[in-house]
2 protein chains.
Amino acid sequence: MVTSRDVARLAGVSQSTVSYVMSGRRSISPETRRRVESAIAELAFQPNAGARALKSQRTRVIGLVVPFGPDADTSGLLPFIETIAHCAREQDHDILLVTRDEGSAGLTRLAARSLCDAVVLMDIETHDARIPVAAGLAVPVILIGLPAEPLGLPCVDLDFERAGRLAVEHLAATGHDRIVLIGHPRPTVAREVNFVGRFRRGATAAAAAHGVPCTVVDQPERGPRGVSAALDEALGCGEPSPGGRLGVVVHDTEAVQPVLTAAAGRGRLPGRDLSVVGLCPDVLAEGTTPPVTNVSLEPRDVSRRAMRTLFRLLDPGGAGPVAPVELISPRLTRRRTTLTG
Amino acid sequence: MVTSRDVARLAGVSQSTVSYVMSGRRSISPETRRRVESAIAELAFQPNAGARALKSQRTRVIGLVVPFGPDADTSGLLPFIETIAHCAREQDHDILLVTRDEGSAGLTRLAARSLCDAVVLMDIETHDARIPVAAGLAVPVILIGLPAEPLGLPCVDLDFERAGRLAVEHLAATGHDRIVLIGHPRPTVAREVNFVGRFRRGATAAAAAHGVPCTVVDQPERGPRGVSAALDEALGCGEPSPGGRLGVVVHDTEAVQPVLTAAAGRGRLPGRDLSVVGLCPDVLAEGTTPPVTNVSLEPRDVSRRAMRTLFRLLDPGGAGPVAPVELISPRLTRRRTTLTG
DNA sequence: TTGAAAGCGCTACCAA
DNA sequence: TTGGTAGCGCTTTCAA
């Protein structure tokens, strides 16, 4: 292992000078800087992370708690992780992965062992037992999601009410006179991930405002059978008046393609016989058959905002006030599953 | 922050005794042990990771290089990450995430800064520029994938030749007289991820052995258009003799559902008019419409084996010999897209 | 502009 | 069976 002492020896300076060259925390003569820098390059020196953390009380690591585990909504997770990792590296920080199945213990471990400087907590339930623990940690925590009681922790999330509104307003504007909202499988609803309620609230409020009747249907179980059952209920749910138009809003990202396929299989082609709007990432919507009109989830925007806020909390100087809740606006993109009109 | 000194003070023992109680590296009287343990519990003490790493030269962290970045095959990635994280935690280790877009620099950073004790490198290309760098690191590295020259690094991967063979043999055994293999989009093929060649080799060899004509068709581009084009070519590719049976093997996991949908859209229903076998995880195969006969990718088995080998490498005592290449056997599960026969 | 040295919290050696 | 203590590699204060 190459240490800063080796660099110092090679450059003919003291260890502290090497440290100051790297941190830039005091002025160094050009000649000394040159010698030190070339020694660093020659030895390919990089500072030992443990020693640095021990002395500076900064690990340059961000803990990321991801929703792995039984019946977690894992679809569309990767763009979050990817963006978070990317933002961390931009600030020369790394990502330490902690899985949800560790529960609160994972959080206390991160803080008590000084494994990281800050924590990103994903997949927040409405009444999430980890929130009080997170709020008591010695390191800043940011939530991706919106619990009932954030206990002072900053939250970043998609504006799901707005997403529901967008979907319904699109259908209302294109002349639909009946709207069915297909929701999540029972287990997910039971976990009370709070975006479920927010999306519904936005959708039903918009439907009421536009005077369009709107029904909510959940999937009785996970998987294609659950989707089929929900769709049957949706299609049976009062045919629109003869010549009327039915719009289906699919809240569950994983159910979007199955709904399209199942509807087509029943001879009701999306975009010809009824409309479908899905809540899902653009990349998925482009890939469905047919390409589905979608309200995007904006995982990259949400993640970027979360990381921006996190680094602001970490910044010793800045310490500017941080918004308690940041909601990212979704976008609706019309594709092939909206009836013309 | 609670330190081992605080614990020692509270328990009325020396700091070293606290350390020995935690590590179990020397015998402690029951009474002392009791006092120390209750002090640890009372203060909720956990050892500082940086200090421990500095002294012991062991970080208890595994670096995981994941294939995030442009045109990475990111489908089916989560089970790998999840299993690797799980195995790491079983040994009280953590996972530090590094993305592929850092290239070799990410690897040297991990080692030079002593950020981790070992590295798992995923998504290996046939001629991967990171291999020589990885082979030169001071920490053990394990590859998930099989490069042309592993340079002594242990490799774990699915047995893709066997996977190709399984798919073709299933179709041969069910009386198909024409086989088309739909491959990956051009960009992926160009990157020479080596399982592409291995799968094809296995498939074509098995076809030759069974005397069934077999054609390989690539997707000209990424996305549904690429799939459509490939399928058209596949269907046009010489109709089997009248009354004959066509079997399509889909190598690209992301193309499995699109192929099913596109075939049905052309009036050729998988399982009725032709057979489709996909290379994809079971969970995906169960969810397609119709459920597709699949050769599994066994991400959990592959990951578990990789981690088992890695910890063997890390174990100071064990140091047993490690197999240079471990290939995991895929399984074929017949579902609804195989013609009866 | 630079150097010497203390000390972060832990492990493990040497003594007792 | 236990305690004292050196030192891991770094940052930063105090001196020069």
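Residue numbering restarts at 1 for every chain, and letters A, B, ... go by the order of the sequence lines. Model, not experiment: these values are computed from the prediction.
Taking five base pairs at each end of the helix from C:dT1-D:dA16 to C:dA16-D:dT1 and finding the rotation axis that steps the C1' atoms of four pairs onto the next four gives two axes whose angle is 40°, to the nearest 10°.
In this view, B:P147 and B:I124, B:I131, B:L143, B:P150, B:C155 satisfy the side-chain contact (heavy atoms from CB on, under 4.5 Å) rule, not counting sequence neighbours. Applying the salt bridge (Lys or Arg N to Asp or Glu O under 4.0 Å) criterion to A:D159, with sequence neighbours excluded, gives no partner residue. Residues satisfying the ring-ring contact (aromatic ring centres under 6.0 Å, His included) test with A:H93, not counting sequence neighbours, are A:F311.
Contact between B:A11 and B:V36 at its shortest, heavy atoms only, is CB-CA, 3.9 Å.
Residues A:R300 and A:E82 form a side-chain contact, since some pair of their non-hydrogen atoms from C-beta on lies under 4.5 Å apart. Residues A:E102 and A:V65 are not in side-chain contact: their nearest non-hydrogen atoms beyond the backbone lie 4.5 Å or more apart. Proximity of B:T83 to B:P299: side-chain heavy atoms (C-beta onward) are nowhere separated by under 4.5 Å. Between B:M22 and B:I40, the closest side-chain pair of non-hydrogen atoms falls below 4.5 Å.
Protein chain A contacts DNA chain D over a range whose 5' and 3' limits, counting nucleotides with an atom under 4.0 angstrom from a non-hydrogen atom, are D:dG9 to D:dC14. Scanning DNA chain C 5' to 3' for nucleotides with an atom closer than 4.0 angstrom to a non-hydrogen atom of chain B gives a first and last hit of C:dG9 to C:dC14.
Near DNA chain C, meaning a heavy atom under 4.0 Å from it, residues 3-10 of chain A has no residue at all. DNA chain D lies under 4.0 Å from at least one heavy atom of each of the following residues of residues 27-47 of chain B: B:S27, B:I28, B:S29, B:T32.
Within the structure, salt bridge (Lys or Arg N to Asp or Glu O under 4.0 Å) pairs that include any residue of residues 130-147 of chain B comprise B:D128-B:R130 (at least two apart or interchain). Listed by first and then second residue, the ring pair (Phe, Tyr, Trp, His ring centres under 6.0 Å) pairs involving residues 9-32 of chain A amount to none (not counting sequence neighbours). For residues 6-18 of chain B, every residue pair satisfying the salt bridge (Lys or Arg N to Asp or Glu O under 4.0 Å) rule, not counting sequence neighbours, is listed here: B:D6-B:R9. The salt bridge (Lys or Arg N to Asp or Glu O under 4.0 Å) analysis of residues 36-45 of chain A, with sequence neighbours excluded, yields the pairs A:R33-A:E37.
Residues A:T17 and B:S56 both approach DNA chain C. Their nearest nucleotides, taken by heavy-atom distance, put A:T17 toward the 5′ side. Heavy-atom distances to DNA chain C give each of A:K55 and B:Q15 a nearest nucleotide, and the one nearer the 5′ end belongs to A:K55.
One finds a salt bridge joining B:R109 and A:D94 here, because a Lys/Arg side-chain nitrogen approaches an Asp/Glu carboxylate oxygen to under 4.0 Å. With salt bridges taken as basic N to acidic carboxylate O contacts below 4.0 Å, none links A:R312 and A:D315.
When heavy atoms are screened at a 4.0 angstrom cut-off, B:R25 is found touching the sugar-phosphate backbone but no base atom.
Between the side chains of A:S14 and A:T17, a donor-acceptor pair is found at a separation under 3.5 Å.
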